[in-house]
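Notes to accompany the following structure.
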Number of protein chains: 2
Amino acid sequence: MKKIRDFQEFVSKGERLYLRHLSVDCVIFGFHDDSLKVLLLKWKDGGHWCLPGGFVKKNEAVDDSATRILKDRTGLDDIFLQQFHAFGDPFRDRNKELLSIQGKSGKWLMERFITIGYYALVEYSKVSPQPDWLSEECKWVDIHKLPKLIYDHQDIVRKALAELRRSLNDHPIGYNLLPEKFTMPELQRLYETVLDKTLDRRNFQKKMLSLKILERLKERKTGGAHKAPYLYRFDKKKYAKAVKQGLRFGF
Amino acid sequence: MKKIRDFQEFVSKGERLYLRHLSVDCVIFGFHDDSLKVLLLKWKDGGHWCLPGGFVKKNEAVDDSATRILKDRTGLDDIFLQQFHAFGDPFRDRNKELLSIQGKSGKWLMERFITIGYYALVEYSKVSPQPDWLSEECKWVDIHKLPKLIYDHQDIVRKALAELRRSLNDHPIGYNLLPEKFTMPELQRLYETVLDKTLDRRNFQKKMLSLKILERLKERKTGGAHKAPYLYRFDKKKYAKAVKQGLRFGF
DNA sequence: TCAAAAGTGTTTCGGATACACCCATGA
DNA sequence: TCATGGGTGTATCCGAAACACTTTTGA
């Protein structure tokens, strides 16, 4: 994306390029240090925190807008992305903070926006967070330690997490949030983090293995004090088959 | 709603009144004659079938738009209404059929539309289907015998049904789709219809009663040949409590 | 050698399933 | 009186939950 230096230029370009009233916001989940993280942006002006977002081009599928925004912020293609809700209250107050950036300037950007929320599951280590031109910073934040967010972005995160949890019944996670090879304890901690409850080690393993979607590899020593856990990998084919059969994956 | 006689007038009025690019479509479910029905409209011009829909007023919450549309088509207030997906492909071809109505006339209505899908659960007998000014007919259609629908409305119905099924895990149905008093066999047939599979009579009853959300009333003879089944009623309080506790309602 | 983490198995319990008998009613 | 549908109860099974012992490893 070309750099746009001037806010006015951005506004007039946006008016040509994008559908009015419509934006996309992404809740990008990553997993690191045994905690669930969300990718946030910090505005240059005012230091407000917000979700990575963007607009829908006049001839672009909304799903593609979300994919584009993700690519811009994370550098990643081919990401697991799920639309989960449209936020359509008229007084989301998109304006207030934006006005503080550049005075008045009305127009396109100052109007009411309906935003379509997507959540994404990404592999933490593969992401190189990139601020957009309005932001000084793009970084991972622990979902339990979120700063104050603009508009209703707090609600959007909450809803995204709720939907992520709900989706666990139909689709096991880990495939998108963990590196290709991972250990059973790592997978368990991911589940525990997302569900916000502890699980029995042995029952977790039994259940996971019973799903027949994991492939066990060799040992793993790497620094970890104590007994070296096995490495596993998702078996993509079996995974898809299991989801298709509509197994229950709940904990 | 005032009658608008002229299409051109409708277009120019709409342009003043509504957000551009944005519509709302409702999949209104009803249950009758042991089958699941959807409320459809048939256009005066061309006879195409479509979902009840409408637009979002410039200062109106999207949820309120859906509520308004429902009120207009069914006469009902206070309906169970659930947003389930935003459909945002750029070539939903809203235009083609509309153009056939009134020649060219471009403008607002001819542009690309993103539509936000809601599904509603209503009590069949309470609905008096009301066509809008573009339609000659508004009526219930068996979900397994849908006519060809405009645009992607077929997909919207499919997705709505899928989401309704998915929601069964968290929220028992019946409360909105059945009359206040109903029999266990009726409730069971509702479940069987929505899930599209048969259930064991005795196990169904046991499970339903175990949820502690039903209140049993007295007998019922009314015409029904054979033994008179009991009548039940949802206990609103216990229902809310059960949902809050996150019970599993799945079959 | 010891604490901490990881591998593996057994017992137990409850909910889901399968199944059978009796009762009420109108044709 | 009988076919049909409705009310109720019991045996069984399987997956979930509870729980213990052994092994590996670095400090």
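Keep in mind the model is a prediction, meaning the values are calculated, not measured. Chain naming here is simple, since letters A, B, ... match the order of the sequence lines and numbering starts at 1 in each.
- Going from atom CG of A:Leu231 over to atom C1' of C:dA6 covers 13 Å, rounded to whole Å.
- For the pair A:Lys206 and C:dT8, the criterion of a side-chain N or O lying under 4.0 Å from OP1 or OP2 is not met.
- In summary, A:Glu192 and A:Arg189 do not engage in a salt bridge, as defined by a charged side-chain N under 4.0 Å from a carboxylate O.
- The side chain of B:Arg202 has D:dG9 as its nearest neighbour among C:dT25, D:dG9, D:dG6.
- A residue-by-residue look at B:His226 and B:Pro229 shows that B:His226 has its nearest nucleotide of DNA chain D further toward the 5' end.
- Side-chain atoms of B:Lys227 lie closest to D:dG5 of the nucleotides C:dA20, C:dG7, D:dG5.
- Spacing between atom CZ of B:Phe204 and atom P of D:dT8 amounts to 15 Å, rounded to whole angstrom units.
- Atom C1' of nucleotide C:dC21 and atom CG of B:Asp200 are separated by 14 Å, given to the nearest angstrom.
- Between A:Gln205 and C:dA6 there is no side-chain polar atom (N or O) within less than 4.0 angstrom of OP1 or OP2.
- Under the side-chain hydrogen bond (donor to acceptor under 3.5 Å, both in side chains) rule, A:Asp155 has a single partner from A:Arg158, A:His153, A:Lys159, which is A:Arg158.
- Relative orientation of the A:Trp140 and A:Tyr124 rings is tilted, given thresholds of 30° and 60° on the angle between their planes.
- Within a 6.0 Å sphere centred on NZ of B:Lys44, other residues, nucleotides and ligands contribute more than 12 heavy atoms.
- Atom-to-atom, CZ of B:Arg248 to P of C:dG15 comes out at 14 Å; the value is rounded to the nearest Å.
- Nucleic acid contact class of A:Arg216 (heavy atoms, under 4.0 Å, all strands): sugar-phosphate only.
- Considering only side-chain N and O atoms, A:Lys207 lies under 4.0 angstrom from the phosphate OP1 or OP2 of D:dA16.
- Regarding B:Asn203, its CG atom lies at a distance of 11 Å from the P atom of C:dC19, rounded to whole Å.
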